[in-house]
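Whatever order the structure lists them in is the order used to number ligands and atoms, beginning at 1. Sequence positions, counted from 1, serve as the residue numbers for this chain.
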Amino acid sequence: MKITLVRGDITEQHADAIVNAANSSLLGGGGVDGAIHRKGGPDILAECRALRASSYGRGLPTGQAVATTAGRLNARWVIHTVGPVHSRDEDRSELLASCHREALRVADELGARTVAFPAISTGVYRWPVEDAARIAVETVRATKTSVEEVRFVLFDDPAYEAFAEHAR
Ligand code: ADP
């Protein structure tokens with residue numbers, strides 16, 4: 001598996017699967033989540049609502065992942081995962097690692113070969129991007145998967161630099 005980095009908007013990517021930095025409600029939010037629903041259209045939200053009505057009545061737990069259609073995005077699936085909110089009192093790194101592992105496990109189940117990830121938890125959830133980049137890259141490297149390309153799509157220069165530091 002190769003790791004690639006691009007600077008840009010994840011909703012512009014062509015990939016088999018696009019990972020959403022969702023929240024447990026699965027019903028949309030800001031940041032990546034808002035952008036994915038805006039650009040992907042209502043089919044994504046419809047499937048999220050169906051998931052809430054069936055398997056995830058209390059929402060998607062932090063560190064887990066689930067797939068829906070990608071609607072109008074240039075992808076076949078969106079894989080929603082819920083990152084942990086950063087805490088200074090508690091080490092939640094394992095949950096952030098779990099997001100990456102679980103997203104890849106779901107990608108394998110779907111047969112996705114190219115998967116685009118945002119910098120999960122580094123926005124509203126305030127995870128310092130240098131640390132998030134280390135966890136993301138180390139976890140992806142250590143995960144056994146049939147995914148051929150993991151592409152990290154970074155929205156700004158600091159995020160790009162942080163991921164480049166660990167991916168090279
Ligand atoms: P979280 O709630 O997991 O922190 P956010 O969506 O708030 O998720 O932010 C995660 C990261 O994604 C942040 O670094 C943010 O700058 C970045 N981001 C926001 N919008 C986009 C986008 N359209 N494409 C790629 N990255 C984005």
Side-chain angles (χ1 to χ4, degrees), residues 3-42 44-45 48 52 56 59-104 106-107 112 114-140 149-167:
I3 294 177
T4 56
L5 306 182
V6 298
R7 224 204 109 159
D9 180 337
I10 199 163
T11 66
E12 307 278 327
Q13 295 295 307
H14 291 246
D16 292 333
I18 289 177
V19 176
N20 182 16
N23 58 57
S24 355
S25 81
L26 289 175
L27 301 178
V32 172
D33 203 8
I36 283 178
H37 284 287
R38 258 194 315 278
K39 187 121 184 235
I44 302 175
L45 190 57
C48 286
R52 283 299 304 271
Y56 296 98
L60 181 65
T62 304
Q64 295 190 26
V66 68
T68 65
T69 175
R72 296 195 288 258
L73 296 174
N74 294 312
R76 293 176 69 186
W77 304 282
V78 169
I79 299 175
H80 306 263
T81 187
V82 182
V85 175
H86 186 261
S87 162
R88 278 189 290 185
D89 312 324
E90 192 188 3
D91 181 7
R92 299 178 180 163
S93 306
E94 186 44 41
L95 286 168
L96 185 55
S98 174
C99 287
H100 295 83
R101 269 197 303 273
E102 287 299 299
L104 290 175
V106 170
T114 54
V115 181
F117 281 80
I120 299 168
S121 285
T122 66
V124 176
Y125 288 174
R126 302 186 313 271
W127 205 291
V129 72
E130 294 75 17
D131 196 49
R134 177 187 60 78
I135 293 166
V137 171
E138 282 178 0
T139 303
V140 161
E149 180 191 359
V150 167
R151 189 185 312 148
F152 288 105
V153 183
L154 295 324
F155 211 42
D156 55 24
D157 283 335
Y160 185 91
E161 291 308 321
F163 276 74
E165 187 74 27
H166 294 280

Can you tell me which residue and heavy atom of the protein come closest to atom 13 (C) of ligand 1, and the distance to 0.1 Å? T122 OG1, 3.2 Å
Starting from atom 5 (P) of ligand 1, which protein heavy atom do you reach first, and at what distance in Å? G123 CA, 3.9 Å
Please identify which atoms of ligand 1 are closer than 4.0 Å to at least one heavy atom of A119. 10 (C), 11 (C)
contact_flag D156 ligand 1 heavy-atom lt 4.0 Å: no
Considering only heavy atoms of D9, which atoms of ligand 1 have at least one such atom less than 4.0 Å away? 22 (C), 23 (N), 24 (N)
G31 neighbourhood, listing ligand 1 atoms whose heavy-atom distance to it stays under 4.0 Å: 6 (O), 20 (N)
E165/R134 salt bridge by N-O under 4.0 Å criterion: no
Once you round to the nearest 0.5 Å, how far does NE2 of H80 lie from CD1 of I18? 10.5 Å
Would you please determine whether G8 falls within less than 4.0 Å of ligand 1 on a heavy-atom basis? yes
What residue and atom, counting heavy atoms only, is the protein's closest point to atom 6 (O) of ligand 1, and at what distance? V32 N, 2.8 Å
Within the side chain of T114, is there an N or O that forms a donor-acceptor pair under 3.5 Å with the backbone of A15? no
Side chain to side chain donor-acceptor pair (under 3.5 Å) involving D156 - partner list, sequence neighbours excluded: none
Could you identify the single nearest non-hydrogen protein atom to atom 7 (O) of ligand 1 and state the distance to 0.1 Å? V124 N, 2.9 Å
Report the C-alpha distance between T4 and E149 in whole Å, list the side-chain angles of each, state the deciding distance to 0.1 Å, and finish with yes or no for side chain to side chain donor-acceptor pair (under 3.5 Å). CA-CA 7 Å; T4 56; E149 180 191 359; 2.5 Å; yes
Sequence neighbours excluded, the answer for side chain to side chain contact (heavy atoms under 4.5 Å, CB included) partners of E94 is A97, R101
Exam field: side chain R52 to backbone L26, donor-acceptor pair closer than 3.5 Å: no
Check: R76 side chain, A70 main-chain N or O, donor-acceptor pair, under 3.5 Å: no
Residue, atom name and distance, where the atom is the protein heavy atom closest to atom 17 (C) of ligand 1: F155 CB, 3.8 Å
Just which atoms of ligand 1 are under 4.0 Å from any heavy atom in A35? 23 (N)
Would T11 count as being in polar contact with ligand 1, using the rule that some N or O on each side must be under 3.5 angstrom apart? no
Starting from atom 3 (O) of ligand 1, what is the nearest protein heavy atom, named by residue and atom, and what distance separates them? S121 N, 2.8 Å
Quick one: pull up OG1 in T81 and CZ in F117 and give me the separation to the nearest 0.5 Å. 8.0 Å
Note the single closest protein heavy atom to atom 24 (N) of ligand 1, along with its residue, its atom name and the distance in Å. I10 N, 2.9 Å
Please list the nearest protein heavy atom to atom 8 (O) of ligand 1 with its residue and the distance rounded to 0.1 Å. A21 CB, 3.6 Å
Evaluate the criterion side chain to side chain contact (heavy atoms under 4.5 Å, CB included) for residue pair V6 and R151; output intermediate values, then yes/no. CA-CA 7 Å; V6 298; R151 189 185 312 148; 4.1 Å; yes
